[in-house]
Amino acid sequence: PSMVTLRTGEPVQGVVMGVFNPASGQRRWILINSAPLRGTKTAQAQAAVTTFVDITQRMQAEKALRESEEKYRLLFQNMAEGFALYELRNDEEGQPVDWRVLEMNDAYTRHTGIPHEKLSGRRISEVFPEVLTEYLPRFAQVVATQLPVQFETYSKPAGRYMRVNTFPAGGPRFASVFEDISERIAAERRTQLLAETASELLKSDSPQLVVNVLCAKVMDFLDCQAFFNFLADESAGRLRLNTYAGISEEQAREIEWLDY
């Protein structure tokens with residue numbers, strides 16, 4: 001830097017150089033600045049003043065920070081659970097009214113089906129205003145108490161069941177780690193449906209009543225709007241409508257008999 005200053009007459013600032021010490025086997029990092037000294041009769045630089053500052057500790061700290069950030073990024077992007085960092089937003093009176101999505105990992109999209117670009121940096125009220133009523137009190141509680149909460153919920157935007165762990169992240173910020181538990185919930189509901197049906201069969205003297213009840217439960221389980229149950233009538237060589245739900249009696253009469 002001093003030679004550049006002498007040649008150009010201009011100061012040189014912020015040059016970082018590594019200096020290896022053979023005796024210790026260590027490299028020290030030096031920050032170098034130089035400025036010209038001009039003669040009284042000429043504007044040309046007659047000499048240069050050079051300062052040296054040992055910034056080895058700062059360089060080591062910056063390297064450690066970069067490595068830590070890289071580890072965090074790798075963990076953030078490769079963790080199996082969905083993760084999102086949020087910021088609670090208040091109104092003019094200081095009451096919680098919304099939250100903003102600050103960051104989310106790739107697993108967020110895998111678990112929810114919601115793409116990163118649809119949410120990142122936006123307020124939830126701009127994208128899914130219908131979820132505010134359900135989740136805002138929970139998240140506001142986390143920020144107010146600085147204590148974590150855990151809950152299971154059905155996410156309407158994602159159309160999936162989720163287990164959510166939400167914890168404070170400093171100030172108005174909070175984060176959620178969650179996973180899709182839809183398969184587990186479906187398995188539990190199937191098991192419950194089978195158990196209830198078996199119980200009804202054991203208690204009831206009317207198999208038809210059990211079929212009717214089962215139809216209603218299956219409709220609820222499958223989230224469907226209509227259900228039909230046909231029995232084969234061997235004497236007629238046709239299918240006869242045994243029970244139904246979700247259609248009118250007139251519609252039922254129209255499909256009472258089917259050929260097969």
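- The shortest non-hydrogen separation linking Pro1 to Ile32 is CG-CG2, 3.6 Å.
- At least one side-chain heavy atom of Ile247 sits under 4.5 Å from a side-chain heavy atom of Ile255.
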Please tabulate, for side-chain N and O atoms in residues 17-25, each donor-acceptor pair with protein atoms closer than 3.5 Å (sequence neighbours left out).
{"unit_1": "Asn21", "atom_1": "OD1", "unit_2": "Ala23", "atom_2": "N", "d": "3.0"}
{"unit_1": "Ser24", "atom_1": "OG", "unit_2": "Gln26", "atom_2": "N", "d": "3.3"}

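- Note: Tyr86 and Trp99 have perpendicular aromatic rings, judged against thresholds of 30 and 60 degrees for the angle between ring planes.
- Separation of the Tyr108 and Phe178 ring centroids falls under the 6.0 Å cut-off.
- Every pair passing salt bridge (charged side-chain N to carboxylate O under 4.0 Å, His left out) that includes a residue from residues 120-144 is listed here, sequence neighbours excluded: Arg122-Glu126.
- Leu132 is listed as a side-chain neighbour of Ser125, based on a closest heavy-atom distance under 4.5 Å.
- Going from atom OG of Ser155 over to atom CE of Met162 covers 5.5 Å, rounded to the nearest 0.5 Å.
- In the hydrophobic clustering, Leu37 connects to Val49, either directly or through intervening members, whenever side-chain heavy atoms lie under 4.5 Å apart.
- Rounding to the nearest 0.5 Å gives a distance of 9.0 Å between CG of Asp233 and CG of Leu231.
- Looking only at side-chain heavy atoms (C-beta outward), Glu152 and Arg184 come within less than 4.5 Å of each other.
- Of the candidates Val127, Ile114, Ile124, Ile124 is the only one forming a side-chain contact (heavy atoms from CB on, under 4.5 Å) with Val101.
- Inter-residue side-chain proximity for Thr166 and Phe151 is flagged as met; some heavy-atom pair is nearer than 4.5 Å.
- With hydrophobic clusters built from ILVMFWY side chains whose heavy atoms lie under 4.5 angstrom apart, Tyr154 shares a cluster with Ile185.
- Separation of atoms CD (Gln95) and CG (Leu136) is listed at 10.0 Å; rounding is to 0.5 Å.
- Proximity of Leu119 to Phe128: side-chain heavy atoms (C-beta onward) are separated by under 4.5 Å at one or more points.
- Side-chain atoms of Ser34 never come within 3.5 Å of backbone atoms of Ala48 as a donor-acceptor pair (strictly under, hydrogens ignored).
- Contact detail for Leu241 and Ala252: the closest heavy-atom pair is CD2-O, 3.7 Å.
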Exercise for review: Would you please test Thr153 and Tyr135 for side chain to side chain donor-acceptor pair (under 3.5 Å) and show each step?
Suggested key: CA-CA 10 Å; Thr153 182; Tyr135 299 121; 2.8 Å; yes

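- Screening residues 249-260 for salt bridge (charged side-chain N to carboxylate O under 4.0 Å, His left out) gives Arg238-Asp259 as the qualifying pairs, with residues at least two apart or on separate chains.
- One N or O on the side chain of Asn105 and one on the backbone of Glu81 form a donor-acceptor pair closer than 3.5 Å.
- The two residues Leu85 and Arg173 come nearest to each other via the heavy atoms CD2-NH1, 4.2 Å.
- Looking at heavy atoms from C-beta onward, His116 lies in side-chain contact with Met104 at the 4.5 angstrom threshold.
- Using modelled atom types, one side-chain atom of Thr8 and one backbone atom of Val4 make a donor-acceptor pair closer than 3.5 Å.
- Scanning all heavy atoms of the two residues, the minimum distance from Thr5 to Pro36 falls at CG2-N, 3.5 Å.
- Counting heavy atoms from C-beta on, the side chains of Val142 and Pro148 never come closer than 4.5 Å.
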Practice item. Begin with the C-alpha distance, continue with both residues' side-chain angles, and end with the deciding distance and a verdict on side-chain contact (heavy atoms from CB on, under 4.5 Å) for Leu258 and Phe230. Key: CA-CA 9 Å; Leu258 297 177; Phe230 287 88; 3.4 Å; yes

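- The salt bridge (charged side-chain N to carboxylate O under 4.0 Å, His left out) contacts involving residues 1-27 comprise nothing, where partners must be two or more places apart or lie in separate chains.
- Distance check: Glu183 CD to Ile181 CD1 gives 11.5 Å after rounding to the nearest 0.5 Å.
- A 4.5 Å side-chain heavy-atom check between Leu31 and Phe52 finds every atom pair outside the cut-off.
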For residues 54-61, which side-chain donor-acceptor pairs fall under 3.5 Å, sequence neighbours excluded?
{"unit_1": "Asp54", "atom_1": "OD1", "unit_2": "Thr56", "atom_2": "N", "d": "2.9"}
{"unit_1": "Asp54", "atom_1": "OD1", "unit_2": "Thr56", "atom_2": "OG1", "d": "2.6"}
{"unit_1": "Asp54", "atom_1": "OD2", "unit_2": "Arg28", "atom_2": "NE", "d": "3.3"}
{"unit_1": "Asp54", "atom_1": "OD2", "unit_2": "Arg28", "atom_2": "NH2", "d": "2.8"}
{"unit_1": "Thr56", "atom_1": "OG1", "unit_2": "Arg28", "atom_2": "NE", "d": "3.3"}
{"unit_1": "Thr56", "atom_1": "OG1", "unit_2": "Trp29", "atom_2": "N", "d": "2.9"}
{"unit_1": "Arg58", "atom_1": "NE", "unit_2": "Glu62", "atom_2": "OE2", "d": "3.4"}

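- To the nearest 0.5 Å, atom CD of residue Gln146 and atom CD of residue Gln141 are 12.0 Å apart.
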